[in-house]
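Input: a single structure, listed below in structure tokens.
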Amino acid sequence: MGRMRLTVSAHDDTRKLIVLAVDDEPKGLDELVHCLRNSPHVALVYPAIDASEALRLLSADDPRLADRKARGLPIVDAVFADIDMPGLSGMEMSRVFAALRPSPALVFVTGHAEEAVNAFDLGALDYVLKPYQQDRLDRAITRVMDKLAANAAPKFGHEGGLGQVKNDDEVIPVELAGTTKLIPRSSVRWVEAQGDYARLFTTDGSHLVRIPLAQLEERWEKAGFVRIHRSFLVSLPLITELRMGQGGYQVVIGNEEKVLPVSRRHTRALKDRLVGANRST
């Protein structure tokens with residue numbers, strides 16, 4: 001496709017973002033580059049018409065990028081990429097960038113809402129659905145800026161019932177009337193299995209997501225979530241009481257005194273986790 005073109009925005013500033021924009025549709029690429037250049041937080045935009053051209057950036061003979069490598073920075077601050085592209089897909093391309101150390105922030109800009117879960121599994125920072133407006137892309141850019149600021153700040157873990165908690169809280173994409181809403185894990189109080197889906201009960205309601213409970217159990221174990229029943233996953237620090245009820249043990253969740261059952265096979269492990277959490281505080 002020829003050598004990669006370089007677009008320099010009017011906001012050129014080394015303290016601002018250097019980003020890569022990838023879309024196999026010329027009109028979509030032009031729109032993406034235009035919106036990125038409109039942001040006062042973006043200094044440079046590297047456009048690429050497909051994944052192959054984007055990956056050539058890794059070996060590009062560009063002194064600005066060489067200087068970033070020498071300083072231990074990501075080759076670009078963020079990659080804004082479509083998913084459905086010929087040859088190497090945006091998801092496959094992003095796995096290459098995600099494997100770099102340090103790696104750029106990943107933002108998907110696509111018309112395919114069904115890939116949101118896979119995107120966040122890959123570590124995507126945001127998922128922008130087409131068609132989008134400037135303000136939606138600006139929010140994604142703000143997320144990138146916030147992540148860079150958090151990475152640059154001193155890391156002070158804080159102790160919960162299970163020890164150190166990561167600063168970068170995982171988010172779960174939820175589809176609501178054609179809009180993707182991002183639910184932070186820290187707002188989830190408990191999760192209930194509903195077949196191949198899971199319902200997240202948060203501080204402001206509940207949300208159905210297409211993620212099996214077993215998958216969330218594995219992903220969120222280190223964040224303090226514990227399986228108490230084949231149908232329930234609970235945030236351990238929010239358990240205020242473990243008691244014997246009719247038919248077996250139960251847990252009480254938070255101030256709202258939500259009561260959930262504890263199955264026999266999970267009782268011993270739950271008791272051990274609760275005891276361990278109390279000893280660590």
Side-chain angles (χ1 to χ4, degrees), residues 7-11 13 15-51 54 74 76-85 89-91 93-94 97-98 103-151 168-187 200 202 204-205 207-211:
T7 301
V8 181
S9 81
H11 309 294
D13 190 320
R15 293 170 298 176
K16 297 176 182 178
L17 299 178
I18 295 179
V19 301
L20 172 64
V22 192
D23 195 321
D24 67 303
E25 296 181 358
K27 183 177 180 180
L29 180 59
D30 288 345
E31 181 179 3
L32 180 57
V33 170
H34 175 74
C35 288
L36 288 169
R37 293 184 66 192
N38 276 346
S39 170
H41 300 299
V42 174
L44 300 176
V45 181
Y46 287 85
I49 197 64
D50 58 22
V76 291
D77 293 303
V79 178
F80 289 74
D82 193 9
I83 288 181
D84 187 16
M85 296 187 291
S89 73
M91 200 74 71
M93 176 199 70
S94 295
F97 283 102
S103 60
L106 299 176
V107 177
F108 288 100
V109 183
T110 177
H112 298 275
E114 67 275 7
E115 292 286 352
V117 171
N118 292 331
F120 284 103
D121 280 345
L122 187 60
L125 197 60
D126 205 346
Y127 196 90
V128 180
L129 287 175
K130 298 178 181 179
Y132 56 86
Q133 300 297 322
Q134 180 73 49
D135 62 342
R136 178 63 184 89
L137 202 66
D138 286 344
R139 293 201 300 273
I141 293 170
T142 297
R143 286 180 179 273
V144 174
M145 296 291 290
D146 290 345
K147 180 176 177 62
L148 292 179
N151 289 344
D168 51 330
D169 190 27
E170 183 178 354
V171 295
I172 294 292
V174 176
E175 295 300 319
L176 295 173
T179 300
T180 301
K181 181 178 181 180
L182 303 180
I183 305 299
R185 181 178 56 206
S186 58
S187 71
L200 310 179
T202 69
D204 61 356
H207 309 275
L208 190 65
V209 294
R210 193 174 181 177
I211 305 176

Got [X] and [Y] here, is their nearest side-chain heavy-atom distance under 4.5 Å?
X	Y	answer
Thr110	Tyr127	yes
Val42	Val19	yes
Asp84	Glu115	no
Phe80	Val128	no
Met145	His41	yes
Asp24	Leu29	no
Phe97	Pro104	yes
Asp23	Ile49	no

Output the distance between atom [atom1] ([X]) and atom [atom2] ([Y]), rounded to the nearest 0.5 Å.
X	Y	atom1	atom2	answer
Asp126	Ile141	CG	CD1	10.5 Å
His207	Ile183	NE2	CD1	4.0 Å
Leu17	Asp77	CG	CG	5.0 Å
Asp138	Leu36	CG	CG	9.0 Å
Ile83	Phe108	CD1	CZ	5.0 Å
Lys27	Leu32	NZ	CG	14.0 Å

- Can you check side chain to side chain contact (heavy atoms under 4.5 Å, CB included) on Asp82 and Lys130, steps first, answer last? CA-CA 10 Å; Asp82 193 9; Lys130 298 178 181 179; 3.6 Å; yes
- Task: Kindly say whether Pro184 contributes a backbone atom to a donor-acceptor pair with the side chain of Ser187 at under 3.5 angstrom?
- Result: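 Yes: the side chain of Ser187 pairs with the backbone of Pro184.
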- Query: Would a distance-only check, ignoring hydrogens and angles, find a side-chain to backbone donor-acceptor pair under 3.5 Å from Ser89 to Met85?
  - Reply: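 Such a contact is absent between Ser89 side chain and Met85 backbone.
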State, to 0.1 Å, how close [X] and [Y] come at their nearest heavy-atom pair, and which atoms those are.
X	Y	value
Leu137	Cys35	CD2-CB, 3.3 Å
Pro47	Val33	CB-CG2, 3.9 Å
Gln134	Ser39	NE2-N, 4.5 Å
Tyr46	Leu20	O-CD1, 3.1 Å
Ser103	Pro74	O-CG, 3.8 Å

- Message: I'd like to know whether Asp30 forms a side-chain hydrogen bond (donor to acceptor under 3.5 Å, both in side chains) with His34, so could you lay out the CA-CA distance, the side-chain angles of the two residues, the decisive distance to 0.1 Å, and finally the verdict.
- Response: CA-CA 6 Å; Asp30 288 345; His34 175 74; over 6 Å; no
- Message: Walk me through whether Leu125 and Leu106 qualify under side chain to side chain contact (heavy atoms under 4.5 Å, CB included).
- Response: CA-CA 6 Å; Leu125 197 60; Leu106 299 176; 5.9 Å; no
- Message: For Arg210, is the CZ atom crowded, meaning more than 12 foreign heavy atoms sit under 6.0 Å from it?
- Response: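 No, not enclosed.
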